[in-house]
Amino acid sequence: MRIATWNVASIRARAALVVDFLLREDIDVLALQETKCRPEQFPTAIFEAAGYQVVNHGFHAFNGVAFVSRHDMTDVTFGLPSLPGFGEQCLPTQPPGANGLPQEARALGVTVNGMRLWSLYVPNGRDLAHEHYAYKLRWLQALQQEVAGWLEAEPQLPLALLGDWNVAPLPSDMGDPDFVEGRSTHVSRPERQAFAAFESYLSDVVRPYVPHGYTFWEYRGGKYQADQGMRIDFILGSEGFSSAVTGAFIAADERRERQAAPGQKALKPSDHVPVVCEIAPELLGQSWEDEDDPMIWGL
DNA sequence: ATGGCAATCTTAGATTGA
């Protein structure tokens with residue numbers, strides 16, 4: 001089965017493109033970020049008509065995370081109280097985060113076929129001197145501590161964190177000349193250290209299959225045409241998840257501009273593209289620790 | 001070159017994104 005993540009930059013503007021992608025690439029479960037809508041505004045019917053169930057989390061026209069899945073989703077978790085919030089004042093529907101500021105719709109958890117999956121939209125940070133940057137680092141640290149706790153309690157858990165991490169972990173992940181180490185977000189040492197902290201428990205399940213490739217290209221300045229992108233969307237898996245991954249790809253073609261059909265509105269692409277991994281469900285929950293079992297060699 | 005592109009709501013200029 002195929003599991004994917006995609007920052008769609010508005011699900012209402014992109015629903016037809018997303019459904020087309022799901023069917024064309026035979027995707028079973030898709031984690032979405034930047035849905036940019038409240039739950040009742042989500043275009044659920046178009047996904048259900050295509051055979052997908054929908055779970056989504058959003059407070060207003062910013063942020064927003066969701067899952068669409070061909071398989072049943074259980075244990076739906078809307079956000080994590082340990083994560084900090086951001087902004088001025090909570091809406092009536094919006095609980096406070098760990099710091100008392102409004103919790104944002106950036107984390108959604110579901111369980112599918114025994115896999116624990118999270119759709120995550122990491123704050124972008126805006127600028128190294130902006131309070132949003134400090135929020136980003138605190139948010140990542142709080143999430144990492146949650147993950148550590150989950151895996152200490154259940155080391156074999158097939159867990160995957162899918163989403164827009166807004167960090168380019170390696171120098172080769174940053175191809176946008178406007179982003180410079182020491183001056184820009186996404187490439188700073190604290191952000192890269194915050195990302196690396198997850199790799200004590202999880203591994204990037206796509207990198208082994210796609211050593212180089214971007215997942216985002218800025219709309220402005222012809223950056224896609226110049227291939228000045230960045231790799232900031234990742235699927236990080238626990239051992240119990242990673243050991244079931246049999247392939248992966250980045251659907252970079254989804255960043256292309258498409259011709260509008262005659263009389264139709266043009267379908268503009270998201271500035272992010274989908275990241276996909278292939279899972280062999282029968283391998284889920286295995287771990288290197290299983291290799292401690294006695295084995296007979298060379299007979 | 002502090003622009004440029006896209007989506008949203010406070011509809012026409014501000015805000016957010018990365």
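Letters go in sequence order (proteins before strands), and every chain restarts at 1.
Across all strands, A:Thr185 comes closer than 4.0 Å to no nucleic acid atom at all (heavy-atom distances). A:Asn7 comes within contact range of the sugar-phosphate backbone alone, with a heavy-atom separation under 4.0 Å but no base atom that close. Here A:His130 lies out of heavy-atom contact (under 4.0 Å) with every strand. Among the atoms of the strands shown, only primed sugar atoms or phosphate atoms (P, OP1, OP2) are found under 4.0 Å from some heavy atom of A:Phe216. A:Asp271 comes within contact range of no nucleotide atom at all, as no heavy-atom separation falls under 4.0 Å. As judged by a 4.0 angstrom heavy-atom cut-off over every strand, A:Asp127 is placed among residues making no nucleic acid contact. When heavy atoms are screened at a 4.0 angstrom cut-off, A:Arg14 is found touching the sugar-phosphate backbone but no base atom. Within 4.0 Å of A:Tyr121, counting heavy atoms only, lie sugar-phosphate atoms of the nucleic acid but no base atom. Within 4.0 Å (heavy atoms only), A:Asn124 reaches at least one base atom of the nucleic acid.
Ring planes of A:Trp118 and A:Trp150: parallel class, angle under 30° (limits at 30 and 60°).
The pair A:Asp26-A:Arg70 meets the salt-bridge criterion, since a charged nitrogen lies less than 4.0 angstrom from a carboxylate oxygen. A salt bridge links A:Arg192 and A:Glu181; the closest N-O separation between the charged side-chain nitrogens and carboxylate oxygens is under 4.0 Å. Here A:Lys136 pairs with A:Glu191 in a salt bridge; the nearest charged N to carboxylate O distance falls below 4.0 Å.
A:Tyr219 forms part of no hydrophobic cluster, judged by ILVMFWY side-chain heavy-atom separations under 4.5 Å. Side-chain contacts under 4.5 Å among hydrophobic residues (ILVMFWY), followed directly or transitively, place A:Leu128 together with A:Tyr133, A:Leu137.
Chain A approaches DNA chain B over the interval B:dG4 to B:dA18, counting the first and last nucleotide 5' to 3' with an atom under 4.0 Å from its heavy atoms.
Residue A:Gln41 is the one, among A:Gln41 and A:His186, whose nearest nucleotide of DNA chain B lies closer to the 5' end (criterion: closest heavy atom). Two residues, A:Pro123 and A:Tyr219, neighbour DNA chain B, and the one matched to the more 5' nucleotide by heavy-atom proximity is A:Tyr219.
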